Structure formats: C-alpha cells, structure tokens
Amino acid sequence: MQSSSPSAGTRAPGRRRSRRFNFFVLAILLVSAVLLGLVYWEYRSDDQQPTAAELDSEPVATLAVLDVGQALSVALVTNDGYSMVYDFGLTIADANETIIPFLDEHDVDELDMAIVSHPHQDHIGGLPTLLESVPVGLYIDPALETTNQTYLRSLELVEVLGIETSLARQGDTYSLGADVEMGILWPVDDLLLNADGTHRLNDNSTVVRVDIGDVSILLTGDAEQDAEEILVDTMAGDLDVDILLAGHHGSNTSSHNPFLDATSPSIAIISAGADNQYGHPHSEVMQRLRQHEIDIYRTDVDGTVIIQTDGNGWTVSTTQSVQDAP
C-alpha cells in the first residue's frame with residue numbers, strides 16, 4: 001500500500017500552516033509586550049516623578065504602605081526602636097506573609113502601637129494573627145459598632161492579652177520615640193450615622209497625622225467625602241502634609257478637590273489590588289491627583305511603597321521595579 005507520508009525533502013502542508021500560525025502568535029505577543037511596556041512607562045512619566053534623590057543624613061524612620069492586595073496595612077518603624085502598624089490587611093496570609101515579615105526585617109519583636117481605622121475585613125483581617133504573634137503595647141480603636149467576627153475576635157484577644165487600649169478620638173496625641181509625633185484628626189465623639197442610626201464605618205475611620213521632624217504624612221483609612229468636608233471645615237490648619245495615603249483605596253468616594261487643596265501633598269499613595277473588582281483606583285481620582293500635580297504611587301503597580309525620612313526630606317522606593325512590572 002502506498003504511504004501517505006510526504007517523501008524525503010517535502011514539507012507537510014499542515015506543518016507549514018502550524019509554523020506560520022506560531023510565528024503569527026509570537027508576533028502578537030511581542031507587540032503586546034511592547035505596548036504594555038509603553039503604557040507602563042507612560043504611567044511612570046505621568047505619575048511617578050522622583051520626589052527626592054537622597055537624604056542629608058541617616059533616616060530616622062521608615063514608613064511602608066504594604067502590598068496586601070485590595071486591603072490596607074501601613075507599618076512605621078523608627079531607628080530608635082519604636083514601631084506602629086495602622087490596619088492589618090484582609091487575611092491571615094497578609095499578616096503572616098507581609099506584615100510580620102516586614103516587622104521581622106526591621107528587628108521589631110514588640111509592637112508599640114496597633115491602630116485600627118475601622119472594622120471592615122480588608123482593614124482588620126490579619127489583626128488577630130498579629131495580636132497572637134507579636135506583643136503589642138497599645139491598641140487604638142475608634143470603637144465602631146459591627147458584627148464582623150474578625151473584629152470581635154480581636155477585641156477578645158486584646159482583653160485576654162491585657163493590652164492597653166485607647167479610644168481613637170480627635171485631639172489625642174502620641175509619641176513614637178524621639179522623632180515621631182502622631183495626632184488623631186478624626187473621628188469625633190458625635191460619630192457620623194446612617195439613616196438607621198448605625199455607625200458609618202468608612203466615614204468614622206481613624207485619620208492620623210504623623211509628623212517625623214518636618215515631614216508629615218496623613219493616614220486616612222476609608223474616610224469618604226462627608227468626613228473630608230468636615231475635616232476641611234474644622235481642621236484645615238492640620239491637614240497640610242507632604243505625603244497622603246489616599247482614602248478608600250483610590251475610590252471616587254474620597255480624595256475630592258477641596259480635600260486635596262487642603263492637604264496639598266507632594267505624594268499620594270494608593271493601596272489597591274491588581275485588577276480588583278471595584279475598579280480602584282477610579283479614573284476620576286487619578287485625574288484629580290494629576291491636576292494637583294501630585295506624584296502617585298500604587299501598590300497594585302509598585303508593590304510595597306517605602307518612605308524613608310531623616311525628618312527633613314524623604315526618599316521613595318518600591319518593591320516592584322520597572323523591569324519587574326507585568
């Protein structure tokens with residue numbers, strides 16, 4: 001029987017089509033990679049101008065907006081051995097794989113302060129794990145009503161472990177070593193309420209101003225427009241800062257123009273997860289930040305954003321470099 005296989009020196013038509021198809025796919029992938037690179041570099045040139053190249057002296061503190069996906073956790077460590085964590089990510093893994101390793105890296109074996117902005121899961125998910133893993137000196141909480149079980153478990157641990165507590169209210173101040181002063185700007189005793197009388201969790205977020213020498217940082221949790229407007233009306237003199245943690249993961253509910261006018265930061269940092277279901281950061285917020293000529297850093301693009309300061313200037317570094325970016 002005659003063979004159907006091609007004779008020697010003859011290419012099978014099917015293979016020729018396959019090779020052409022593979023070349024076509026490869027060409028598409030190469031063009032896509034170039035386009036993605038151009039988009040990323042455009043982002044860098046538009047929003048990511050260097051803020052400071054070097055410090056005049058050794059840094060006295062390091063603040064990191066940690067990459068915990070669509071959640072929030074901020075850690076602050078000082079060179080004289082003090083530390084604070086503001087919010088705790090979404091999951092146990094956020095505590096075990098990101099927050100605690102950062103503290104370990106900076107030789108933190110006891111946390112001076114743990115601050116809760118508000119009891120939504122994406123801000124307290126890793127809190128019980130942290131409380132069980134690292135001794136905490138002071139627990140600061142706005143004490144908002146919630147049925148969140150992770151939060152209730154955290155309160156139980158605070159009591160069982162005998163951790164000192166403080167109610168987060170406007171006007172309270174704290175020192176973190178010799179170089180860091182912290183002030184609570186929000187909430188107030190008359191907490192904002194929903195129509196049914198329950199606490200508005202986002203709008204009662206603990207807002208903290210951190211002063212490290214002449215460098216100032218504002219941590220806003222998920223504070224939204226109503227809280228921003230009241231702060232602008234009542235606390236405008238305390239809002240002018242160098243670095244802003246943009247509220248609510250870059251949602252359009254926050255970072256409105258009057259608030260940006262009052263805070264007038266050089267840098268805004270957005271904590272958001274890559275390709276998150278909420279579309280954070282929203283394009284309207286990005287546009288407002290650009291219009292205010294604010295440099296933008298995003299954990300979904302940059303990874304963990306690290307600020308080092310000597311009290312006069314600051315440097316910014318990230319764990320995701322341009323070369324590492326997708």
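Just so you know, these numbers come straight off a predicted model, no measurement behind them.
If you check the side chains of Asp222 and His123, you find a donor sitting under 3.5 Å from an acceptor. The closest side-chain donor-acceptor pair between Arg288 and Asn252 falls under 3.5 angstrom. Side chains of Thr206 and Tyr86: a donor-acceptor N/O pair is absent below 3.5 angstrom, by distance only. Between the side chains of Ser266 and Asp242, no donor-acceptor pair of N or O atoms lies under 3.5 Å. For the residue pair His120 and Asn202, a side-chain donor N or O sits within less than 3.5 Å of a side-chain acceptor on the partner. Counting only N and O atoms by type, the side chains of Gln320 and Asp302 include no donor and acceptor under 3.5 Å apart. Of the N and O atoms on the side chains of Thr198 and Asn194, at least one donor lies less than 3.5 Å from an acceptor on the other residue. There is no side-chain donor-acceptor pair under 3.5 Å between Asp87 and His118.
The aromatic ring centres of His282 and His248 sit 6.0 Å or more apart.
The closest donor-acceptor contact from the side chain of Arg290 to the backbone of Val285 lies at 3.5 Å or more, if one exists at all. For the pair Glu228 (side chain) and Ser254 (backbone), a donor-acceptor distance under 3.5 Å is absent. The backbone N or O of Met182 sits nowhere less than 3.5 Å from a side-chain atom of Thr173 that would complete a donor-acceptor pair.
With salt bridges taken as basic N to acidic carboxylate O contacts below 4.0 Å, none links Arg200 and Glu145. In this structure, Asp189 pairs ionically with Arg169, as a charged nitrogen and a carboxylate oxygen lie closer than 4.0 Å.
More than 12 heavy atoms of other shown residues, nucleotides or ligands fall within 6.0 angstrom of atom OH in Tyr139. Under a cut-off of 6.0 angstrom, the local environment of CG in Asp233 is crowded, with over 12 non-hydrogen atoms contributed by other residues, nucleotides or ligands. A 6.0 Å sphere centred on CD1 of Ile92 holds no more than 12 heavy atoms belonging to other residues, nucleotides or ligands. Atom CD of Glu132 has more than 12 heavy atoms from other residues, nucleotides or ligands within 6.0 Å. Gln291 CD: more than 12 foreign heavy atoms inside a 6.0 Å radius. Atom CG of Asp196 is surrounded by more than 12 heavy atoms from other residues, nucleotides or ligands within 6.0 Å.
If you take OG1 on Thr309 and CG on Leu76, they are separated by 10.5 Å, rounding to the nearest 0.5 Å. Expressed to the nearest 0.5 Å, how far CG of Leu152 lies from OG1 of Thr146 amounts to 6.5 Å. The distance from atom CD1 of Ile124 to atom OG of Ser73, rounded to the nearest 0.5 Å, is 12.5 Å. The CG atom of Leu131 sits 4.0 Å away from the CG atom of Leu127 when rounded to the nearest 0.5 Å.
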### Task
Would you please test Leu66 and Ile99 for side-chain contact (heavy atoms from CB on, under 4.5 Å) and show each step?
CA-CA 7 Å; Leu66 299 170; Ile99 303 170; 4.0 Å; yes
### Check against side-chain contact (heavy atoms from CB on, under 4.5 Å), Tyr151 and Asp141
CA-CA 11 Å; Tyr151 178 70; Asp141 186 333; 2.7 Å; yes
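Screening Asn79, Asp80, Thr78 for a side-chain contact (heavy atoms from CB on, under 4.5 Å) with Asp179, the sole residue that qualifies is Asp80.
Note: His280 and Tyr278 have parallel aromatic rings, judged against thresholds of 30 and 60 degrees for the angle between ring planes.
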